[in-house]
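Indexing begins at 1, ligand by ligand and atom by atom, following the structure's order. Side chains are part of it too, since the values below use all heavy atoms of this structure and drop only hydrogens, waters and symmetry mates.
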Amino acid sequence: MEFDPSKISRVNSKNLKKFKKAGVKITCLTAYDYPTALALDKVGIDVILVGDTLNTVFCGMENNISATMDQMIYHTSIVKRALKRALLIGDMPFMSFQAEQSEAVRNAGRFLKEGGADCVKVEGGLEVIPTIKKILDAGIPVVGHVGLTPQSVHRFGGYVVRGRKPEVRQYLIESAKALEDIGCFSLVIESVPADLGKEITEAIEIPTIGIGAGPDCDGQVLVIYDLLGLTTGFRPKYLRKYDNFAQRIEDAAGRYLDDVRRGDFPSEEESYS
Ligand code: KIV
């Protein structure tokens with residue numbers, strides 16, 4: 001029988017594998033607020049990520065580094081309220097898992113207990129395997145994240161494509177396999193050459209979700225405000241803008257400003273008798 005994703009009443013860490021098996025692409029977007037999450041779930045987006053990108057696209061910071069656990073939990077719990085079908089991923093922010101394994105487990109647990117997330121995402125490759133193992137041992141499903149991992153932006157010297165050098169390519173392939181072996185149920189691959197995205201996707205059985213990793217990943221993810229054109233000045237090669245919300249907000253607010261100044265708003269119909 002043909003696999004129909006709309007027949008899945010709730011996407012979870014187990015049935016996500018069915019997409020890959022059936023060759024049906026997984027759709028994933030970030031969300032940070034209730035109305036957006038409501039719309040994404042309604043339209044049938046399979047996976048919603050409360051990414052630490054909220055620090056940049058929502059809060060206006062220069063990078064994701066200063067995102068805190070409390071911020072992440074707050075936004076995860078807001079998005080959770082909107083979801084009926086989508087799988088909800090909470091993104092472990094910088095320094096929530098790097099220093100101590102027990103701290104990592106406790107922080108991952110907060111995403112499920114306080115944020116209502118279904119699972120967590122952890123950036124990194126071979127070096128984070130022991131920590132992810134502990135999180136998994138606590139019964140918390142984990143999504144890996146390899147390639148351009150933005151929490152390491154200072155080590156990489158910027159937002160650069162990863163995996164062009166043979167040794168980095170090898171490290172990323174080994175990392176992906178190790179993350180699968182210890183029990184991650186999915187893997188985000190960010191900003192790598194398309195042929196590497198394909199190679200990793202074919203090398204592992206868990207579904208890959210790509211962002212700037214070419215068309216052969218098992219699914220795709222974009223930052224919602226980038227897709228909507230709400231963020232300006234950020235134009236990586238992989239980004240397809242589906243709208244121009246920044247302009248639309250300016251237009252609407254500008255018309256409101258004119259109406260109020262002219263005394264045209266509120267009208268009689270918009271006033272109580
Ligand atoms: O934080 C985030 O939004 C992410 C995606 C870009 C994959 O990690």
[X] and [Y] ion-paired at < 4.0 Å:
| X | Y | value |
| --- | --- | --- |
| Asp226 | Arg235 | no |
| Lys121 | Asp91 | yes |
| Arg255 | Asp264 | no |

Tell me every residue that passes side-chain hydrogen bond (donor to acceptor under 3.5 Å, both in side chains) with Asp4, counting only those two or more places apart in sequence or in another chain.
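side-chain hydrogen bond (donor to acceptor under 3.5 Å, both in side chains) check on Asp4 returns Ser6, Lys7.
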Would you please classify the geometry between the Phe58 ring and the Tyr32 ring as parallel, tilted or perpendicular, with 30° and 60° separating the classes?
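Tyr32 and Phe58: tilted rings.
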Can you list every pair where an N/O of ligand 1 is under 3.5 Å from an N/O on the protein?
unit_1	atom_1	unit_2	atom_2	d
ligand 1	1 (O)	Asp52	N	3.1
ligand 1	1 (O)	Asp52	OD1	2.9
ligand 1	1 (O)	Thr53	N	3.2
ligand 1	1 (O)	Thr53	OG1	3.4
ligand 1	1 (O)	Asp91	OD2	3.1
ligand 1	3 (O)	Thr53	OG1	2.5
ligand 1	8 (O)	Lys121	NZ	3.1

Shared ILVMFWY cluster between Val188 and Val128, side chains joined below 4.5 angstrom?
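Yes.
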